[in-house]
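FYI, side chains are in, hydrogens and waters are out, and symmetry mates aren't considered; it's all heavy atoms of this structure.
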Amino acid sequence: MTNHAAFTAEDTVTAVAAPAQAARHFSSFPPRRARDCRKAALGRMDLAASGVLRAGSLLDSMKASSPRHAKLATGADHEDWIEKHPSALEWFEAVLAAAKGKQVVMFLDYDGTLSPIVEDPESAVMTEDMRDAVRAVAQHFPTAIVSGRCRDKVFNFVKLEELYYAGSHGMDIKGPTTVSNHKAKADEVLCQPAIEFLPVIQEVYQTLTAKMQSIPGATVENNKFCLSVHFRCVAEEEWDGLGEEVRAVLDGYPDLCLTKGRKVLEIRPSIKWDKGNALEFLLESLGYAGRGDVFPIYIGDDRTDEDAFKVLRNMGQGIGILVTKFPKETSASHSLREPAEVKDFLRKLVKSNGMKG
């Protein structure tokens, strides 16, 4: 039986939870077709609420993603932020108390959460210790990796077949591909709401790759249903020109939008689908939608993870944990400083579940 998760007293849901059920991890669910989530994603995203970059804001947004330009909080401001977003490790007992009697479902971002942020995106390799921690979590709780990376690429980094993988910011979801203690083999794709955008994404990728060749350090990563223009290794005086080149290309593609991450510009289809929708889809697929005895935990470090944090806050269930060393505006209720703390949190969660199981 699952007895874990995280919530401070002020966040705890007041409704009476349904009795917890044993061994419901990866319970079987009816096959979900790609068209099911395409229906849910119909229509354009809310540009005002999605962090889409507008004209005139691009360079400022690029600078805001750089720690050198980040406004460092004063001691008092930092303490105030920590009070509002306490460490999930220091408040671990409160986490367990909030999740007691509920089914924990784990959602994990990859870059900056399970692996450190590195200059070369292709070198963002997770440690064996972290892999062991994630493997152990998946033995106790349904576990999904939710990443902006291409699903196949993040799978090659993680190398655990018993997990769910949601790549391309949740636009490419697939279930476990191996038999585990909790679920039989389910190797079909569960959700690809942006399948119609593949040809245009490939076209823009080729165009941007050619354009970025003139800017030293710039790289374009093809994440299948979205593109990432990395400028971490680009000289700051080149940022404005890089941004204008990207925007000029996208002017010819009104069905694509531009958002930002940590020293990266993201090109995505303008559909109503993000990491928050992926979280909801997976909970529904697992049979947990609308249930009061479920405790989702989402851990991530980037702006795109805020969509999932907002879903959890609106649900009034589970917690969002932001991975950051600096105070940031966030809808997450808790925080961890770095991937090493994420690993410690996962290990404590597993250990506590083993003691109480």
Side-chain angles (χ1 to χ4, degrees), residues 29 32-47 49-52 105-114 142-155 157-158 163-176 186 188-198 201 221-228 255-262 264 266-286 288-289 296-315 318 320-322 331-332:
F29 54 88
R32 299 294 301 271
R33 305 295 181 187
R35 63 175 177 268
D36 296 331
C37 52
R38 288 207 296 274
K39 290 180 181 178
L42 288 176
R44 294 176 65 86
M45 67 170 64
D46 183 347
L47 299 183
S50 61
V52 172
V105 184
M106 183 65 66
F107 299 89
L108 300 164
D109 182 27
Y110 183 75
D111 293 278
T113 300
L114 299 181
T143 300
I145 306 296
V146 187
S147 172
R149 299 266 198 164
C150 168
R151 174 173 52 78
D152 290 341
K153 184 175 292 184
V154 77
F155 174 82
F157 279 135
V158 178
L163 309 183
Y164 284 86
Y165 288 88
S168 302
H169 298 294
M171 288 182 280
D172 189 8
I173 303 176
K174 189 173 183 179
E188 67 178 273
V189 172
L190 297 176
C191 179
Q192 290 184 330
I195 191 74
E196 293 89 351
F197 287 85
L198 280 177
I201 289 290
E221 184 178 10
N222 189 339
N223 290 312
K224 190 171 182 176
F225 292 102
C226 58
L227 303 174
S228 300
D255 290 332
L256 300 180
C257 64
L258 183 64
T259 61
K260 70 164 186 175
R262 294 177 65 175
V264 61
E266 305 273 7
I267 293 94
R268 301 160 61 180
S270 297
I271 61 173
K272 294 179 179 179
W273 197 269
D274 51 39
K275 290 184 175 182
N277 298 106
L279 183 153
E280 292 176 314
F281 179 86
L282 285 167
L283 287 177
E284 180 182 354
S285 296
L286 286 162
Y288 296 139
I297 300 176
Y298 188 106
I299 308 179
D301 76 306
D302 208 351
R303 185 185 183 101
T304 57
D305 298 308
E306 291 296 325
D307 296 314
F309 296 152
K310 290 174 184 176
V311 166
L312 292 182
R313 189 168 286 279
N314 291 338
M315 287 172 56
I321 302 175
L322 178 67
S331 292

Separation between CG (Leu163) and CG (Leu108), nearest 0.5 Å, reads 8.5 Å
Walk me through whether Arg268 and Thr259 qualify under side-chain contact (heavy atoms from CB on, under 4.5 Å).
CA-CA 8 Å; Arg268 301 160 61 180; Thr259 61; 3.7 Å; yes
Show your reasoning for whether side chain to side chain donor-acceptor pair (under 3.5 Å) applies to Ser168 and Lys224.
CA-CA 7 Å; Ser168 302; Lys224 190 171 182 176; over 6 Å; no
Would Tyr110 and Phe157 count as a ring pair (Phe, Tyr, Trp, His ring centres under 6.0 Å) here? Give the steps.
CA-CA 9 Å; Tyr110 183 75; Phe157 279 135; 5.3 Å; yes
Considering all heavy atoms of both residues, which atom of Pro193 and which atom of Ile271 are nearest to each other, and what is their separation?
O-CD1, 4.0 Å
Rounding to 0.5 Å, atoms CZ (Arg149) and CG (Asp172) come to a distance of 15.0 Å
Measure across Ala332 and Gly320 and return the closest heavy-atom pair with its distance rounded to 0.1 Å.
CB-O, 3.4 Å
Criterion side-chain contact (heavy atoms from CB on, under 4.5 Å) on Asp302 and Asp111, from CA distance to verdict:
CA-CA 9 Å; Asp302 208 351; Asp111 293 278; over 6 Å; no
Scanning both residues in full, the closest heavy-atom pair of Ala289 with Glu284 reads CB-CA, 3.8 Å
Which atom pair, heavy atoms only, marks the closest approach of Met315 to Leu279?
SD-CD2, 4.5 Å
Going through the checks in order, is the side-chain contact (heavy atoms from CB on, under 4.5 Å) test met by Ile201 and Phe225?
CA-CA 7 Å; Ile201 289 290; Phe225 292 102; 5.8 Å; no
Would you mind reporting whether Pro142 and Tyr288 have side-chain heavy atoms less than 4.5 Å apart?
yes
Partner residues of Tyr165 under the ring pair (Phe, Tyr, Trp, His ring centres under 6.0 Å) criterion, sequence neighbours left out
Phe155
Closer than 3.5 angstrom, by distance alone: can the side chain of Asn277 be matched with the main-chain N or O of Asp274 as a donor-acceptor pair?
yes
I'd like to know whether Glu306 forms a side-chain contact (heavy atoms from CB on, under 4.5 Å) with Leu322, so could you lay out the CA-CA distance, the side-chain angles of the two residues, the decisive distance to 0.1 Å, and finally the verdict.
CA-CA 9 Å; Glu306 291 296 325; Leu322 178 67; 4.3 Å; yes
Between Glu221 and Lys153, is the closest basic N to carboxylate O distance under 4.0 Å?
yes
Met106 side, atom CE; Ile299 side, atom CD1 - distance, nearest 0.5 Å
5.0 Å
Does Arg262 form a salt bridge (Lys or Arg N to Asp or Glu O under 4.0 Å) with Asp301? I'd like the steps, not just the answer.
CA-CA 9 Å; Arg262 294 177 65 175; Asp301 76 306; 2.4 Å; yes
Minimum heavy-atom separation for Met171 and Trp273, please, with both atom names.
CG-CD1, 3.7 Å
To the nearest 0.5 angstrom, please state how far the CD1 atom of Ile321 sits from the CG atom of Asp305.
12.0 Å
Report the C-alpha separation of Ser228 and Glu266 in whole Å, then their side-chain angles, then the decisive distance to 0.1 Å, and conclude whether the side chain to side chain donor-acceptor pair (under 3.5 Å) test is met.
CA-CA 5 Å; Ser228 300; Glu266 305 273 7; 2.8 Å; yes
Look at the rings of Phe107 and Tyr298 and say which category their plane angle falls in: under 30° parallel, 30 to 60° tilted, over 60° perpendicular.
parallel
Atom CD1 in Ile267, atom CG in Leu227: separation rounded to 0.5 Å?
5.5 Å
Sub-4.5 Å side-chain heavy-atom contact between Asp255 and Phe197
yes
Euclidean distance, Lys275 NZ relative to Thr304 OG1, rounded to 0.5 Å:
3.0 Å
Specify the closest pair of heavy atoms between Asp109 and Leu114, including all atoms of both residues, with the distance to one decimal.
O-CG, 3.4 Å
